[in-house]
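Beneath this line is the structure, given in structure tokens, with notes to follow.
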Amino acid sequence: MKEAVFQSSSLVRRFGNFTAVDHLNLELSKGDIFALVGQNGAGKTTLLKMICGLILPTSGSMKLFGKSNAKGLGLARRRIGNIIETPGFYSYLSARQNLEYYRMQRGIKNKHCVEEALRFVGLDAGEKKFKNFSLGMKQRLGLALAILDNPDFLVLDEPINGLDPMGIREIREILLKLNHEKGTTILVSSHILGELSQIATRYGFIKSGRLVESITAGELEEKCRATLKIEVDDSAKAADVLREGLSLPAVEILNDTSLQLPGDFEHPELAVKELVEAGVMVSQVYRTGVNLESYFINLIGGKNVD
Amino acid sequence: MIKMIRADLYKVFRRPLFYILLASMAVLAFLVNFCILKLSTTHLVYNSWTAVMLYFLSWPALLMPLMIDLVGAEKYKENTLKNDVSYGVSRTKLYLSQMTVSIVLGLIVGGVALGTYCGSSLLMLQQDAAFTSAFIADFFSKVGVCCIGYVACIALASFLSTMFQKNSFFVFAFFLAIYFPQLLFNLLQLSRLNQYLLIPQFGMIAIGDSQQLMTSAVVFVVTGVVFTVLGAAFFKKKDIC
């Protein structure tokens with residue numbers, strides 16, 4: 001069984017009367033790339049801030065690398081790199097000076113880690129001050145800080161915000177490289193669902209502070225798989241007809257009146273002909289299948305989605 | 001904590017504002033003596049140093065929010081505090097290290113200002129019979145006790161910056177906190193309580209004896225400890241946004 005990197009149990013965070021995170025239970029295992037998906041104000045950033053110790057839970061508990069007391073959590077957080085909202089750095093320092101500041105503050109002995117991190121994220125800004133950085137450069141520097149101390153767990157809140165397509169691809173490649181080569185566990189939230197689908201191994205859908213569904217990428221793929229659905233008066237008889245007449249072993253009976261064929265079956269007209277000739281009444285034939293965005297919209301409710 | 005202090009000093013020593021502040025203080029200190037030389041009828045070191053004790057001891061207290069701005073308050077402004085806290089650094093240690101760096105910076109700025117002041121007065125003005133070693137010792141002991149008061153001001157300013165975060169409102173709150181209670185006590189005819197406030201202490205030090213120095217030091221230490229504890233406790237529970 002994989003090591004649990006993060007576990008939360010009935011985690012709650014309230015701001016006055018507003019409940020941002022509501023009895024949230026979540027577990028992340030080592031090596032996961034967990035995509036946190038939810039609308040604006042769903043509680044994603046609040047959850048990430050609690051993991052990073054920026055805000056304290058109102059109630060509930062959480063464990064990081066198996067530690068749950070205050071001191072243990074503090075030590076565990078040294079194994080976490082993060083980007084929460086926009087990266088913050090000292091405007092009058094260069095990228096190198098900013099990272100050197102954090103290297104000194106964190107007591108990282110490897111003096112080359114600054115250069116290594118900058119090289120890893122592809123940021124070569126020379127002596128340019130942070131205040132003159134583009135948004136993309138700021139994001140890269142944020143990621144460089146996140147990986148400065150070789151973290152085991154990366155918590156990333158909208159890490160590709162403001163990046164151009166090339167930048168997005170590079171960040172994706174960096175994250176995959178970290179995950180594959182170093183086994184870094186990644187928790188990432190983003191509104192760019194198509195991008196998440198290219199890296200995530202697990203998904204968590206969050207709505208009004210509650211985790212409404214947590215599934216693996218495989219399960220999601222299965223749910224989103226394209227299929228051909230046929231509505232008939234007798235699904236058992238229809239399945240036998242199609243299996244025998246068209247040699248289709250993958251016919252799946254969904255209920256008494258509907259059945260499903262693989263999405264790559266290209267001749268629905270042949271299926272209808274076989275069924276009608278065998279005396280089966282066909283009422284509907286249609287293709288189904290959703291992408292991540294449609295799945296998310298169906299799950300969350302469909303309105304106000306960014 | 002040493003690592004955090006070293007890192008903050010590394011950062012501040014690369015900040016142009018710090019050097020502008022140092023240079024400004026040195027120029028101001030020099031200008032006071034220059035004015036005494038040009039405008040006063042007596043060009044005596046004794047008079048110059050007495051003027052410091054009578055009029056200028058409380059002035060550095062007003063600069064203390066700048067020391068906070070250079071270290072702790074800047075982290076709110078630049079949105080970098082989250083980088084420190086999310087690394088699992090103890091919030092109490094973080095708070096105390098920021099205060100320590102502010103104190104170190106205050107000492108550096110104060111040292112430069114005082115050094116320039118004393119140096120320029122000794123170079124430009126005349127030393128008379130009243131400028132004795134006893135006078136010099138008295139001057140430096142009073143300045144020394146005032147330094148404890150400046151540290152107390154840093155503790156107060158640090159507490160207020162933690163409360164008001166990015167908002168420059170903390171500077172206004174600082175001036176309110178050091179001047180308003182005195183006015184309030186006078187209004188309520190409770191002026192005997194003024195002796196427990198920061199600003200009146202600087203005035204009392206100027207004209208007081210060694211007993212007064214001891215009393216002032218106690219008031220400063222108590223004020224400093226109270227606001228340090230309050231600030232650290234508040235910071236520990238604070239949401240970092």
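Chain letters run A, B, ... following the sequence lines, proteins first, then strands; residues in each count from 1. Computation of the quantities below employed the complete heavy-atom set of this structure, encompassing side-chain atoms and omitting hydrogens, waters and symmetry-equivalent molecules.
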For this session: Step by step, work out the side-chain hydrogen bond (donor to acceptor under 3.5 Å, both in side chains) result for A:Asp149 and B:Tyr87.
Result: CA-CA 10 Å; A:Asp149 199 12; B:Tyr87 191 66; 2.5 Å; yes
Problem set entry | Part of A:Leu145 lying under 4.5 Å from any heavy atom of chain B | side chain
Problem set entry | Residues B:Glu74, A:Tyr92; criterion side-chain hydrogen bond (donor to acceptor under 3.5 Å, both in side chains); working and verdict | CA-CA 12 Å; B:Glu74 184 193 42; A:Tyr92 51 89; 2.7 Å; yes
For this session: Would you give the length of the straight line joining atom CD1 of B:Ile240 to atom CD1 of A:Ile84, rounded to the nearest 0.5 angstrom?
Result: 12.5 Å
Problem set entry | Close side-chain approach of A:Phe89 and B:Asn79, heavy atoms under 4.5 Å | no
Exercise. Crowded around B:Phe34 CZ? As in, over 12 foreign heavy atoms under 6.0 Å?
Worked result: no
Problem set entry | Option that, when pairs with chain B are counted at under 4.5 Å, heavy atom only, ranks first among A:Ile83, A:Thr86, A:Leu75 | A:Thr86
Exercise. Taking the side chain as C-beta and beyond, is there a heavy-atom pair between B:Met4 and A:Gln105 under 4.5 Å?
Worked result: yes
Seminar exercise, completed: Okay, B:Tyr10 and chain A: the region with an atom under 4.5 Å from a heavy atom over there is side chain
For this session: Might you work through the side-chain contact (heavy atoms from CB on, under 4.5 Å) test for A:Phe15 and B:Asp239, ending with a clear yes or no?
Result: CA-CA 11 Å; A:Phe15 296 99; B:Asp239 287 345; 3.8 Å; yes
Problem set entry | Neighbour count >12 (heavy atoms, 6.0 Å) for atom NZ, A:Lys129 | yes
For this session: Could you tell me whether the side chain of B:Glu78 reaches within less than 4.5 Å of the side chain of A:Ser91, counting heavy atoms only?
Result: yes
Problem set entry | Enclosure of B:Tyr196 OH (heavy-atom neighbours >12, cutoff 6.0 Å) | no
Exercise. More than 12 heavy atoms of other residues, nucleotides or ligands under 6.0 Å from CG of B:Leu188: is that the case?
Worked result: yes
For this session: Rounded to the nearest 0.5 Å, what's the gap from CG on A:Asn98 to OG1 on B:Thr80? Could you check?
Result: 8.5 Å
For this session: Would you sort out whether A:Tyr90 and B:Lys75 count as a side-chain contact (heavy atoms from CB on, under 4.5 Å), showing the intermediate values?
Result: CA-CA 8 Å; A:Tyr90 296 102; B:Lys75 290 180 189 249; 3.3 Å; yes
Exercise. Between B:Lys236 and A:Leu56, which heavy-atom pair has the shortest distance, and what is it?
Worked result: O-CD1, 4.2 Å
Exercise. Where does B:Lys237 contact chain A at under 4.5 Å (heavy atoms): side chain, backbone, both or neither?
Worked result: both
Exercise. Who wins among B:Lys82, B:Arg91, B:Arg14, B:Lys238 for the most heavy-atom pairs under 4.5 Å with chain A?
Worked result: B:Lys82
Problem set entry | Atom CZ of B:Phe234: over 12 foreign heavy atoms under 6.0 Å | yes
Problem set entry | salt bridge (Lys or Arg N to Asp or Glu O under 4.0 Å) partners of A:Arg140, counting only residues at least two apart | A:Glu170
Exercise. Within a reach of under 6.0 Å around CZ of A:Arg172, are more than 12 heavy atoms found that belong to other residues, nucleotides or ligands?
Worked result: yes
Problem set entry | Point-to-point distance, once rounded to the nearest 0.5 Å, from OG of B:Ser86 to CG of A:Leu54 | 5.5 Å
Problem set entry | Side chains of A:Tyr101 and B:Asp8, donor plus acceptor under 3.5 Å | yes
Problem set entry | Structural part of A:Tyr102 lying under 4.5 Å from a heavy atom of chain B | side chain
Problem set entry | B:Phe175, CZ atom: more than 12 neighbouring heavy atoms under 6.0 Å | yes
